[in-house]
Amino acid sequence: MVARLLLSTEPVTLGWVVRRVFAAAITASFVGWAVSEHIQSVPLRFAAVGASGYAAPEVLDYLLKYIKARGEAEVSKVKKGIRGKTKRKK
């Protein structure tokens, strides 16, 4: 994960790199705990942990974009409903 970020040709900030490394580390540690009793082969366990750590930043970025888009859609629905209503005259 760190080697992939260091070899990247895209201009990135230090905060972006740290966020992605922490996301990969946290996800890989949770996967390591989850598969420790289910997968008995050590190389296969390392492969599962490595693959989850490698894919974690992209998956989390997608989830954040999805949640943000859903939230903005809900806010626009509410704003549309508020703008469409008019006050009744007495």
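Treat the numbers as computed from the prediction; the structure is a model and nothing was measured.
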| field | Any residue meeting salt bridge (charged side-chain N to carboxylate O under 4.0 Å, His left out) with Arg45, in chain and number order, not counting sequence neighbours | value | none
| Other ILVMFWY residues reachable from Val18 by side-chain steps of under 4.5 Å | Leu14, Phe22
| Are Ile39 and Trp33 grouped together when hydrophobic residues (ILVMFWY) are joined by side-chain heavy atoms under 4.5 angstrom apart? | no
| query | Is there a chain of hydrophobic side chains (I, L, V, M, F, W, Y, each step under 4.5 Å between heavy atoms) that links Val21 to Val12? | reply |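 Looking at the clustering, Val12 is in the same group as Val21.
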Do [X] and [Y] have side chains that get closer than 4.5 Å, going by heavy atoms?
X: Thr27; Y: Val59; result: no
X: Lys77; Y: Glu72; result: no
X: Arg20; Y: Leu60; result: no

| To the nearest 0.5 Å, how far apart are CG in Leu63 and CD in Glu58? |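 Taking CG in Leu63 and CD in Glu58, the distance rounds to 12.0 Å.
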| task | Please work out whether the ring planes of Tyr62 and Tyr66 are parallel, tilted or perpendicular, with thresholds of 30° and 60°. | result | parallel
| query | Which atoms form the tightest heavy-atom contact between Ala24 and Gly53, and what is the distance? | reply |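 The pair with the smallest heavy-atom distance is CB-O, 3.2 Å.
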| task | Compare every heavy atom of Val31 with every heavy atom of Ala48, then report the nearest pair and how far apart it is. | result |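 For Ala48 versus Val31, the nearest heavy atoms are O-CG1, 4.1 Å.
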| said: Determine whether a donor-acceptor pair (N or O, by modelled atom type, separation under 3.5 Å) exists between the side chain of Gln40 and the backbone of Glu37. | reply: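 Yes.
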| said: Between Arg19 and Asp61, does the side chain to side chain contact (heavy atoms under 4.5 Å, CB included) criterion hold? Intermediate values first, please. | reply: CA-CA 11 Å; Arg19 180 177 57 108; Asp61 283 342; 3.4 Å; yes
| Glu74 and Lys79: CA distance, side-chain angles, deciding distance, salt bridge (charged side-chain N to carboxylate O under 4.0 Å, His left out) verdict | CA-CA 9 Å; Glu74 291 295 322; Lys79 284 184 179 179; over 6 Å; no
